[in-house]
Amino acid sequence: MFNKEIYVVRRQKLKKEIKDGVLLFPGNNESPMNFPSNTYPFRQDSTFLYYWGLDEPGLNAAIDLNSGEEIIFGDDRSLDDVIWMGPTRTMREKGENVGVSKTLPADHFEAFVKTAKDKGRKIHILSQYRPDTIQSLADLLGVHHAKVNEFVSEEFTRQVIRQRAAKSNEEIQEIEKALETSFAMYMYAFKRTRPGMREQDIAGGIEGIALQRGRGVSFPTIFSIHGEILHNHHHKNIMRNGDLIVLDSGAESFMHYASDITRSYPVSGKFTNLQKDIYSAVLEAQTESIKQIRPGKKYREIHLLASEIIAERLKDIGLMKGNTNDAVAAGAHALFFPHGLGHMMGLDVHDMETLGENLVGYENGDKRSDQFGLAFLRLARSLRPGYVITVEPGIYFIPKLVEMWKEEGKHKEFINYDKVERMLGFGGIRIEDDVLVTRESYRVLGRPIPKTIEEVEQVCQN
Ligand code: GLY
Ligand code: MN
Ligand code: MN
């Protein structure tokens with residue numbers, strides 16, 4: 001955990017910005033896999049970690065905005081707990097470590113919430129994602145579980161987003177620790193991949209590295225010769241000469257900060273000429289997008305720039321045609337690049353997404369597009385110093401999508417369907433890095449992972 005002053009100051013900021021009522025912070029509980037005592041690895045709620053630092057189940061916290069009181073609710077370990085799980089610090093000591101002087105037994109949370117509710121006080125909660133938390137809040141607030149979200153406070157949500165979005169130096173150092181793990185994961189994958197191996201031979205190896213060096217992966221690893229399936233978690237294929245791998249993976253530092261990197265590389269260690277052409281297009285879109293990053297720049301504009309580069313290069317290859325600006329405005333490029341350029345990253349790999357994608361990624365008044373492709377842009381807002389964002393363009397040949405669009409004649413003035421059909425089976429290419437918005441411009445975080453064609457071929461062949 002960070003120095004306790006950091007948590008004190010974070011909570012003080014909340015108290016300064018929000019004046020009335022009580023703020024509730026439910027911590028996460030253990031989550032059973034198949035029977036109650038066989039649990040998934042515990043993952044604390046990220047907002048709870050941000051304000052209260054304590055990384056264990058069975059805790060809730062609250063701030064009374066009118067009195068200024070801060071309380072953590074939780075129990076000291078019982079003798080049974082100590083026998084099965086070992087001893088820990090007392091709740092009082094845990095509170096002191098994060099600058100909180102008042103701790104109460106876990107079951108006092110119920111009385112605290114009920115009293116606030118009975119007195120008609122404003123109760124602020126954030127949007128919740130775990131069924132057990134939603135159910136217990138429903139019970140405490142005396143509403144059906146489907147109504148819990150009526151208590152979600154936009155004021156509270158916006159303030160949390162404002163604070164968590166701008167990363168401090170300590171947080172950036174944590175992200176760079178996760179990226180150091182990513183570096184090791186990618187070097188392992190580049191060097192070990194061989195024709196004839198199973199995808200899971202490599203996917204399992206890199207997940208092991210994430211566990212050796214930190215808290216494991218920050219999301220389920222995408223490792224596939226079918227990169228055209230954007231979030232492909234299937235790892236059963238045998239890798240062959242000529243196949244391209246998309247490896248999109250991340251690690252968590254010990255303090256749960258994420259990394260999120262993608263590289264695409266040839267199983268044989270050498271790109272074919274066609275693979276080089278498509279790879280170069282994605283690489284140009286990625287590197288040119290990164291160069292545009294600076295405070296005040298809208299990420300939507302950078303997404304559109306990446307889209308234009310992709311469309312332009314696909315025209316050079318003969319897969320697209322017509323006026324590039326018109327093609328991008330119409331959304332024709334989304335046949336190949338159907339997702340957004342990136343998202344915020346921090347304690348969550350898609351940072352704060354549970355608080356509301358549009359509140360995180362869009363500014364007041366900025367509407368999310370409903371155009372296929374652009375609609376998936378998670379981050380559109382103006383960039384600010386301290387934001388950590390991903391830049392991850394891609395080009396994919398998705399058989400079902402090509403078949404549907406061709407049948408509909410969709411954007412046929414911009415797409416050479418006959419040539420595109422010959423690309424089916426190519427797979428996909430995505431390249432992703434994590435970038436800090438600095439006061440003046442940007443800094444690509446982490447030790448550079450091979451990315452140019454020459455670098456990738458060299459590391460794969462070593
Ligand atoms: N790992 C999914 C993504 O890159 O957003
Ligand atoms: Mn990723
Ligand atoms: Mn990402």
Side-chain angles (χ1 to χ4, degrees), residues 43 46 165 167 175-176 178-179 181-186 189-190 199 202-203 206-207 209-210 214-224 226-235 244-253 256-265 282-283 285-287 289-290 293 299-300 302-303 306 334 337-355 357-358 360-361 373-381 383 387-396 398 427-437 442 444-446 449-451:
R43 177 56 158 82
S46 295
K167 272 67 182 177
I175 290 171
E176 291 209 280
L179 281 162
T181 304
S182 283
F183 180 86
M185 291 159 75
Y186 279 81
F190 285 138
E199 293 164 334
I202 303 297
I206 64 169
E207 293 207 353
I209 293 172
R215 298 276 183 181
V217 293
S218 51
F219 61 93
T221 299
I222 297 160
F223 182 94
S224 184
H226 285 292
E228 79 280 7
I229 302 172
L230 301 185
H231 279 182
N232 194 346
H233 299 140
H234 172 99
H235 300 142
L244 263 183
I245 298 291
V246 170
L247 170 52
D248 181 348
S249 68
E252 278 195 2
S253 72
H256 296 289
Y257 283 83
S259 59
D260 183 9
I261 295 286
T262 307
R263 291 291 183 267
S264 304
Y265 63 98
V282 178
L283 184 62
Q286 204 242 11
T287 52
S289 295
I290 290 173
I293 293 174
Y299 207 50
R300 185 178 191 276
I302 305 183
H303 170 89
F337 175 34
H339 59 75
L341 185 62
H343 49 85
M344 294 223 199
M345 196 189 76
L347 279 164
D348 306 305
V349 63
H350 285 191
D351 210 23
M352 304 178 282
E353 208 157 87
T354 188
L355 301 181
E357 254 181 71
N358 288 348
V360 174
L374 199 49
F376 298 123
L377 180 62
R378 294 177 145 88
L379 179 64
R381 69 190 307 155
L383 302 176
Y387 285 9
V388 174
I389 59 176
T390 68
V391 185
E392 49 178 307
I395 294 179
Y396 315 88
I398 305 168
I429 290 177
R430 177 162 66 253
I431 305 173
E432 175 175 24
D433 282 306
D434 305 332
V435 182
L436 170 69
V437 184
Y442 68 89
V444 180
L445 295 176
I449 296 171
K451 187 161 81 168

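Fair warning: this is a prediction, and the values are worked out from it, not measured in the lab. Atoms within a ligand are numbered from 1 in the order they appear, just like the ligands themselves. Position 1 is the first residue of the sequence; numbering continues from there. All values below were derived from every heavy atom in this structure, side-chain atoms included, with hydrogens, water molecules and symmetry-related copies excluded.
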- Message: Looking at Asp351 and Lys167, is there a salt bridge between them, counting it only when a charged N and a carboxylate O are closer than 4.0 Å?
- Response: yes
- Message: At a cut-off of 2.8 Å, what protein N/O/S atoms sit near the Mn ion (ligand 2)?
- Response: Asp248 OD1, Asp248 OD2, Asp260 OD1, Glu432 OE1
- Got Gln286 and Leu341 here, is their nearest side-chain heavy-atom distance under 4.5 Å? no
- Atom pair OH (Tyr186) and CD1 (Ile261), whose distance is rounded to the nearest 0.5 Å: 6.5 Å
- Task: May I ask you to check whether His303 and Phe337 place their ring centres under 6.0 Å from each other?
- Result: yes
- Item | Electrostatic pair Arg263:Asp248 at N-O distance under 4.0 angstrom | no
- Could you tell me how the ring of His231 sits relative to the ring of His233: parallel (under 30°), tilted (30 to 60°) or perpendicular (over 60°)? parallel
- Show the protein residues that qualify under the rule heavy atom under 4.0 Å from an atom of ligand 1, listing them in chain and number order. Phe219, His231, Asp248, Asp260, His343, His350, Glu392, Glu432
- Message: Does Arg215, at its CZ atom, have more than 12 non-hydrogen atoms belonging to other residues, nucleotides or ligands within less than 6.0 Å?
- Response: yes
- Test log, rule side-chain hydrogen bond (donor to acceptor under 3.5 Å, both in side chains), inputs Ser46 and Asp348: CA-CA 7 Å; Ser46 295; Asp348 306 305; 2.6 Å; yes
- Message: Below 30° counts as parallel, above 60° as perpendicular, anything between as tilted: where do the rings of His350 and His343 land?
- Response: tilted
- Thr221-Ser249 side chain donor-acceptor pair, cut-off 3.5 Å: no
- Message: Under 2.8 Å from the Mn ion (ligand 3) - does any N, O or S atom of His350 fall there?
- Response: no
